Amino acid sequence: MMLNKLVFIVFFFYSSMVFAQLLQDERSYTRADTLRGALRPERTNFDVLKYTLDIKIRPKEKFIAGSNTITFHTIENMAVMQLDLFSNMKVDSIVYQGRHLKYKREFNAVFISFKNALDANVIDSLQFYYSGNPIVAKNPPWDGGFVFSKDKNGKDFIGVAVQGTGASLWFPNKDHQSDKPEEAEIHLEVPNGLVGVSNGRLMGLKELSNGFTKWSWKVSQPINNYNITLNIGDYVRFSDTFQDLDLDFYVLSYHLDKAKKQFTEVQPMMRCFYEHFGAYPFEEDSYKLVEAPFLGMEHQSAIAYGNNYQLGYDGTDVSLSGIGLKFDFIIIHETAHEWFGNSISADDIADMWIHEAFTSYAEAVYIECRWGKEDALKYLKGLRSTMISNKEPIIGDYGVNKEGSVDMYYKGANLLNTVRSIINDDEKWWSLLKSFSETFKHKITNTEEVIAFFENGTDVSLTPVFEEYLYYAALPTLQMKKEKGNIYYRWASSVTDFEMPIDLIVKEKTQRIYPNQNWQKLKKVRSLKKVKVDVDRFYVHMENL
């Protein structure tokens, strides 16, 4: 997911709402939060294998109707199954083996009762028929919902973005990140003359007798629910390749020339990402950029693009460094999510930093590939004053569909840059980062596993570093003081027994020290004025006592 449009009058004020639909005001959690965010037997007793979504979109009425055939594997004996569908949407019927099933609704959850409990270790399916007017987003994509708009020629231009809000806003599913379907089919009936684009590869289209055309798409790789999408518009398609990867671009007909020029950036981006993250993780499903009626979203193999064919973030530089206007933010950021978020996924949105920190760091990786490390460091440093608050922890609350603060983006990116600096060996760092991407490919993970991977991949203790930046709001503070002619230093931190090496610049020379929470003497230095922290490579607070 990406940032909100920035208003530079009070730049940082906007960063509180920048990145996500998910973030909510502080409040006590409700039964509805638990139903959405928690795992209970009605959810854990089955594993989703496939969604087959077949819907008709009626733009004039802002109405959708259809079904989702849910193929599942029972883990335990199952008498009741929980699926999710927003309460404003109508359940028309739920059919299993030709018979209608009974169900109860509670908030956005649907509890389905089987006449006879299903045995464990069985593969089966049911059909969930539904209809209604899905929620329309007021400020897409930061509040979830549909966008029913018109292009400049008056033709329907439709999209949907629901990360955090939930895919159950518009189709029934097991709406929890811990379970991805292994594959999906999406069949879209759209008015004749429009193109319906979804994830994966186009299986075919069929003009129906009712003024609609059915566009059928197939996803052959695991996919997060919120990544399943639809795009409807007066699209034209052009294509390219990168190595063995098919690249497809769906843009509004009158933007074809602009798109062909702007999307040339995909080639150097892919070269960079392949080098540092490994091959594109969904080659079987191809890569697509699809023009959308909102800024953008990382929809797997069908990335929503709405950056108006300009550089930066909707024409602005979020870092205020000048570097952000060298590239198209939406192309780079949302594509990086294919590796981090879409391929490697967190099992609870409390751990969404795994998606967003690595993706935000990928912006700097791309800058380094194109323009060098100095520009990458300048970009990351510039983001600290504009896009990081250090007011709330990066980690959210588990089991209630609550992610942490927006600092997961660029504090997370600066954390990763700090870890790179701690390791102090770029060859090892790039190898470790690529190994992380490839080892966790198509896997669902959590904070503990990610920390353990990086800890085990180095000879440096990184666990307290990750814990300090992820679980606590404040930065670690390097305290220094002069006493009896000597300079002393230590860490003031939230994590007990915190240790982290850091580089000082003393008389224009770099000196590595190894502070802990006890005072240590800095050798051969007598003046605090001659000591600087390497703040380009380490994101810490400095305090002279």
Side-chain angles (χ1 to χ4, degrees), residues 1 4 12-44 80-89 103-111 134-145 161-170 172-179 224-226 345-357 387-409 411-412 444 446-448 466-474 494-495:
M1 196 184 299
N4 197 354
F12 190 75
F13 171 78
Y14 248 42
S15 70
S16 64
M17 56 182 285
V18 168
F19 296 102
Q21 311 157 358
L22 320 152
L23 299 178
Q24 307 165 5
D25 294 333
E26 287 299 320
R27 59 185 174 84
S28 58
Y29 295 112
T30 66
R31 168 72 170 167
D33 296 321
T34 303
L35 286 172
R36 172 64 199 286
L39 292 172
R40 60 186 58 79
E42 294 88 349
R43 277 178 152 177
T44 59
V80 179
M81 167 190 285
Q82 178 189 338
L83 294 175
D84 304 284
L85 182 68
F86 271 37
S87 59
N88 65 297
M89 301 295 287
Y103 61 88
K104 293 181 179 180
R105 306 191 75 173
E106 185 178 0
F107 298 104
N108 296 330
V110 182
F111 293 94
I135 291 172
V136 173
K138 295 179 181 178
N139 186 29
W142 302 280
D143 66 313
V162 294
Q163 184 180 6
T165 306
S168 52
L169 179 147
W170 70 283
N173 64 88
K174 181 179 178 179
D175 210 352
H176 196 278
Q177 285 188 185
S178 64
D179 193 0
N224 278 314
N225 295 327
Y226 69 82
S345 303
D347 64 1
D348 190 297
I349 70 169
D351 283 338
M352 284 292 282
W353 76 275
I354 297 169
H355 298 211
E356 302 301 349
M387 305 307 295
I388 303 174
S389 70
N390 293 314
K391 300 295 185 183
E392 296 180 73
I394 287 174
I395 298 290
D397 296 330
Y398 294 95
V400 288
N401 198 50
K402 179 67 167 68
E403 71 170 27
S405 74
V406 294
D407 281 358
M408 73 177 75
Y409 289 78
K411 184 175 181 179
I444 298 172
N446 56 50
T447 293
E448 289 73 18
F466 276 102
E467 290 178 347
E468 179 75 12
Y469 284 82
L470 294 175
Y471 289 100
Y472 299 94
S494 300
V495 171

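This one's a predicted model, so the numbers in the text were calculated from it and none came from an experiment. Atoms considered below: every heavy atom in the structure, side chains included; atoms not considered: hydrogens, waters and symmetry mates.
- The two residues G164 and N401 have their closest heavy-atom pair at O-ND2, 3.3 Å.
- The two residues P141 and A161 make their nearest non-hydrogen contact at CB-CB, 3.8 Å.
- Taking the side-chain hydrogen bond (donor to acceptor under 3.5 Å, both in side chains) definition, one finds that S178 meets it with H176, sequence neighbours left out.
- V406 is not listed as a side-chain neighbour of E392, based on a closest heavy-atom distance of 4.5 Å or more.
- In terms of the side-chain contact (heavy atoms from CB on, under 4.5 Å) criterion, residue partners of S494 (sequence neighbours excluded) are, by chain and number, E468, Y472.
- Taking CD from E356 and CE from M408, the interatomic distance works out to 6.5 Å, rounded to the nearest 0.5 Å.
- Of all heavy-atom pairs spanning Q177 and I349, the tightest one is OE1-CG2, 3.2 Å.
- A side-chain donor-acceptor contact under 3.5 Å links T447 and D351.
- Taking every heavy atom of both residues into account, F107 and S87 meet most closely at O-CB, 3.5 Å.
- Taking the side chain as every heavy atom from C-beta outward, V110 and K104 never approach each other to under 4.5 Å.
- Of the possible polar contacts, one joining the K174 side chain to the R43 backbone as a donor-acceptor pair under 3.5 Å is found.
- A distance-only check finds a donor-acceptor pair linking the side chain of D143 to the backbone of N139 [under 3.5 Å].
- Scored by the side-chain hydrogen bond (donor to acceptor under 3.5 Å, both in side chains) test, R36 finds no partners at all (sequence neighbours excluded).
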For side-chain contact (heavy atoms from CB on, under 4.5 Å), just list the numbers for R40 and T34, CA-CA rounded to whole Å, side-chain angles, deciding distance to a tenth of an Å, and then say yes or no. CA-CA 10 Å; R40 60 186 58 79; T34 303; 3.6 Å; yes
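- Take E106 and apply the salt bridge (Lys or Arg N to Asp or Glu O under 4.0 Å) test, not counting sequence neighbours, and it matches R31.
- Closest heavy-atom contact between S389 and D407: N-OD1, 3.0 Å.
- Using a cut-off of 4.0 Å between Lys/Arg side-chain N and Asp/Glu carboxylate O, D348 and K402 are scored as not salt-bridged.
- Here the CG-OH distance, from L85 to Y103, works out to 10.0 Å after rounding to the nearest 0.5 Å.
- Evaluation of the side-chain contact (heavy atoms from CB on, under 4.5 Å) rule for A474 yields no partner, not counting sequence neighbours.
- Between atom CD1 of residue I388 and atom CD1 of residue I394 there is a gap of 8.0 Å, rounded to the nearest 0.5 Å.
- When the side-chain contact (heavy atoms from CB on, under 4.5 Å) test is applied to I135, the partners found at least two apart in sequence or on another chain are F86, N88, L169.
- Judged by distance alone, with hydrogens and angles left aside, the side-chain atoms of E42 form no donor-acceptor pair with the main-chain N or O of L83 at under 3.5 Å.
- For the side-chain hydrogen bond (donor to acceptor under 3.5 Å, both in side chains) test, residues two or more places apart in sequence or in another chain that qualify with Y226 are H355.
- Scanning for side-chain contact (heavy atoms from CB on, under 4.5 Å) contacts around A167 gives V162, F171, N173, D175, N225, with sequence neighbours left out.
- Taking OG from S345 and CG from D179, the interatomic distance works out to 11.5 Å, rounded to the nearest 0.5 Å.
- Under the salt bridge (Lys or Arg N to Asp or Glu O under 4.0 Å) criterion, D347 pairs with no residue at all, not counting sequence neighbours.
- Residues satisfying the side-chain hydrogen bond (donor to acceptor under 3.5 Å, both in side chains) criterion with R105, sequence neighbours excluded, are absent altogether.
- Looking at residues two or more places apart in sequence or on another chain, you find no salt bridge (Lys or Arg N to Asp or Glu O under 4.0 Å) involving K411.
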